[in-house]
Each structure stands twice: as C-alpha cells, then as structure tokens.
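Count residues from 1 along the sequence. For ligands, and for the atoms within them, numbers begin at 1 and follow the listed sequence.
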Amino acid sequence: MKFRRVLFLITVITSISISAQNPVFTHVFTADPSPHVWPDNPNKLWVYTSHDEPGSNNHYGMTGYHAFSTTDMVNWKDHGRILHLENVKWAESHAWAMDAVYYRGKYYLIYCMKEAGIGLFRTGIARSDTPGGPFTDLGYVKGVEFGQDPALFIDDDGTPYLYWGHDRKCFAAELNEDLMSIKPETYVDLTKQLTHVFEGPWVHKKDEKYYLTYPGLTPRRWPEKMFYGVADNPLGPYEYKGVFIDDFEGQSGTNHGGTVTFKGKDMMFYHSAWLSGGLSETRNVMADYLHYDKNGDIIPIIPSKEGLGNAKRTRTTLHLEAENGFAAGGELYNVIVDTWIKGYSGKGYVTNFDNPFDHVYVLAQVAKKSKYRFKVRYASPEGESNHDILINSHKYSEFTFPQSKEFTTIDFGIVELKAGDNLVRIFKKDWKPSKGQLAIDYIELEQFFEDEEK
Ligand code: FUB
C-alpha cells in the first residue's frame, strides 16, 4: 500500500471517532445499502444492508441482512438481523445485495442467494408486516436467471419493475402483481445501453426521468466506480451519462448503493472500506448528498468524512426485539410471545419464564470489540422476578427485576461486546416460582464512545 494511502486511512480511522458522518454505521460491517422512506412515516429513513463478517474479508461467507432507521441522520437504530440464509430453505450461500419495497400494505425484501445444489444466483422475496422485519422468505422470483443484485422500483402508477445484474450484464422486467414472477414479454437486456456495467442496478425517478445508477468497471478494471444512465421509460432505452462516484481513497473493490429523498434532500448511499482500514471485502455504509445540475445531470460525488454534514458523529443503538427469536438470530425457549400488557414495541413481548432455563436470546452483531450501554425494557406486573442475564457465556448479572405493571427500562451500564456474533440471554435459573411474570419487550445496546461523558 502506498504511503499516501496508509496516511489517509490512519486519518480516516482516527477521525471516525470524533465528528465524522462517514462511515454512517461504525459498529458493524455492512454493504450494498438500500435507503427508503416508507409512506407511513415521512420523517423516518430506513436503510437495508447486507452484512460482512469481521475477520473473513470475502464475499463468499455473507449470510444475512440488517435494517437501520433514523429520524435525524445522527442517531440510528440497528434493528438487527432481518433475514438469514438459515431462514431460506432453497438457498445455500452468498447472501449478497438486496433491496426493499413497500407494496400493497406489506414490506418486501428482495435479495439474492445461491440456490442449494445448483449454486446459481436466484432472486428471493421475503415479506414482513413491519419495516424492521424480521422477513419471511416466500421463495424466488420465477423467470429470473442469474438473479444477482436485485432492485425493485415501483412506478407512480403502481407497476413493479425488477432490475438485476452480474458479471458485466444488466437486465430488467416488469413483475406480476404478486412479485413472484416476471412478465416474460417485458424482459429487456440493458447491458449495451449501460457502458461498463458490472452489477448492482438501482432505479429512481426525478422530474419524469428514470435514472439507473450502477457499479461498473472500466477497461482498467477494479475497483468499481458508480455510473448512471437516464431514460424516459423504466425499461429504457437508457442514455449513458457517465461516472458520478469515481475512485476514492479507502474504497472497497466494489461499490454499490441507492438514492433516496429524505426531508427534501436527495442522498446517495454507497459503501467503502474505511471502517476496516482498507480491507476491500469488509465494508461500511457511506452517505453523501446528491445534487443535479440544471440539465438534470448528477453532479459527481466526492466521498467525504463529513458526509451528510451534521457536525456530529453518528451513534447507533442496537434495538433487538425479544419476540423476533430465531428469525433474528436469537432463540426463544419454552416461553411465549404475548400482547396483553399494553405499551410494548414491535409485535409483542416474551413471557412465561416458568421453568429453569426458559429463556430469550437476542443476537448482537458488531464489527470490533467495543463498548455499549446495555438496557432492557421489561414489565413484571405481579411482583419482582429473579433472572440470570448472560452476555455470551459470561454471567453478567443475577438480577431481580422490580415489580412494574407497565413497561419500563433498566439501564445496566456499560458492557463490552466482542467482534462478531454476541448472544445476550435472559433466563430463569431455578425452580423457585417467579411471582412477577416477567415480560421482556426489547434489549438495547447503545454505542458508547469512551472520549465522552454520558
Ligand atoms: O456484497 C456482495 C456483492 O459485492 C454485491 O452483491 C455486489 O454488488 C458487490 O457489492
């Protein structure tokens, strides 16, 4: 690595902890961001991502997806794992890029994985009632071959269009209303219209024009730059317009992302390798404003530490709903999900810890060994409840949750998580009857920066 590049990376890494907005998420390795604002709340921005395992630095071991949300671009929630290879019966590996869409009252994740026994990419569809998941797989989209890097665009008239691309090719088609198959007669090969295209298409509409942005490789080859083309119709033909994110210091070999308009501002989400100090396949999400000139052409983005320009660094809280269980990488053992105590968040809470080892586990995935403020939201309406709390295999505390008829939050202070997967477990440890009927709503782990007093 050249001296200038090393110096740059050191500067980036030391400044991440001071006031940077890029990388957007500094606690977990994530890539291929898909940003959205859903109709139920114009003041909340959602970003869906794929996940890079710390220590692997390759794309082959990617297994799951995360969802993030914010209302102010500074404080974010990581809703944890929203879909994993284990929850997709037809797939064997390669949980690569995805997109999300709100369609006819439900949230869909459209993603790619390799089909079991065949090893070719399929485009999967999963559904959830809530934007933070977890998502339930519905199968793969019929009629799509080599369905890597899917993106779904719903036009103003409600027509769904699917785009996908891999190995220097890009395709598109209209989807049938159930989103489970393409209309074969609408299938188009866009490859020749999108000079240098490699993978990762994304479509957005502005002033009645369709912009298709994509990672591409010039003949000079890797790393990827971001290009775009513009069309009058979603299925083209697209007029090639050029590069809008060129090579930059600390980038990953790949680039991939999408656009969103949030609170009146256009933004581009993409990825780099800043957080890992330049490990090309251990990536992080970036965001910068997207501007157009008077002709509607995109003004090239120069990736910046400041990103979206709030002078504050971002802080993410892992928000892990107890009831999400196995689908979110956790476990519910001999407990039930209930809803009669009002005021819970998500779909309910976990209760009925009657026997020894009855438990709830939640999964917290982080990039590096790091500190978090640990909180549990609970109710214990009938009296106090004595339980064990474990972080990984270490007993964190034997804790008596005081009686509380309503949901309330206990702040347990600062804990340290290891790089990778962490299990936070709350379980009943003995046969003594628990008077309280403990109900766990969620567990939160809020990023803690040692240079500040909180
Ligand atoms: O994240 C895995 C793969 O890398 C994506 O599917 C590609 O677009 C590239 O970003």
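For the pair Lys142 and Tyr140, the cation sits on the ring face: its NZ or CZ lies under 6.0 Å from the ring centre, inside 45° of the axis. Seen from the ring of Tyr292, Lys206 counts as a face-on cation partner, given the 6.0 Å and 45° thresholds.
Close contacts of ligand 1 with Met62, meaning ligand atoms under 4.0 Å from a residue heavy atom, involve 1 (O), 2 (C). Those atoms of ligand 1 that come under 4.0 Å of a heavy atom in Trp96, given as number and element, are 2 (C), 3 (C), 6 (O). When each atom of ligand 1 is checked for a heavy atom of Arg283 under 4.0 Å away, the hits are 1 (O), 2 (C), 4 (O), 9 (C), 10 (O). The contact set between ligand 1 and Glu199, taken as ligand atoms under 4.0 Å from a residue heavy atom, comprises 7 (C), 8 (O), 9 (C). Applying the 4.0 Å criterion to heavy atoms of His256 picks out, from ligand 1, the atoms 7 (C), 8 (O), 10 (O).
By the 30° and 60° cut-offs, the orientation of the rings of Tyr111 relative to Tyr65 is tilted. The aromatic rings of Tyr163 and Tyr161 sit tilted, their planes meeting at an angle between 30° and 60°.
The residue from Asp149, Thr30, Asn58 that puts a heavy atom closest to atom 7 (C) of ligand 1 is Asp149.
Screening Phe262, Trp38, Phe68 for a side-chain contact (heavy atoms from CB on, under 4.5 Å) involving Leu45 leaves a single residue, Phe262.
Around the NZ atom of Lys265, the shell of radius 6.0 Å holds no more than 12 heavy atoms that belong to other residues, nucleotides or ligands.
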Run the ring pair (Phe, Tyr, Trp, His ring centres under 6.0 Å) check on His256 and Tyr270 step by step: do they pass?
-> CA-CA 5 Å; His256 186 127; Tyr270 56 101; over 10 Å; no

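For atom 1 (O) of ligand 1, the closest non-hydrogen atom of the protein is Asp32 OD2, 2.5 Å.
Residue contacts with ligand 1 include His271, since one or more of its heavy atoms lies under 4.0 Å from the ligand.
Contacts of Ala31 with ligand 1, taken as heavy-atom pairs under 4.0 Å, are absent altogether.
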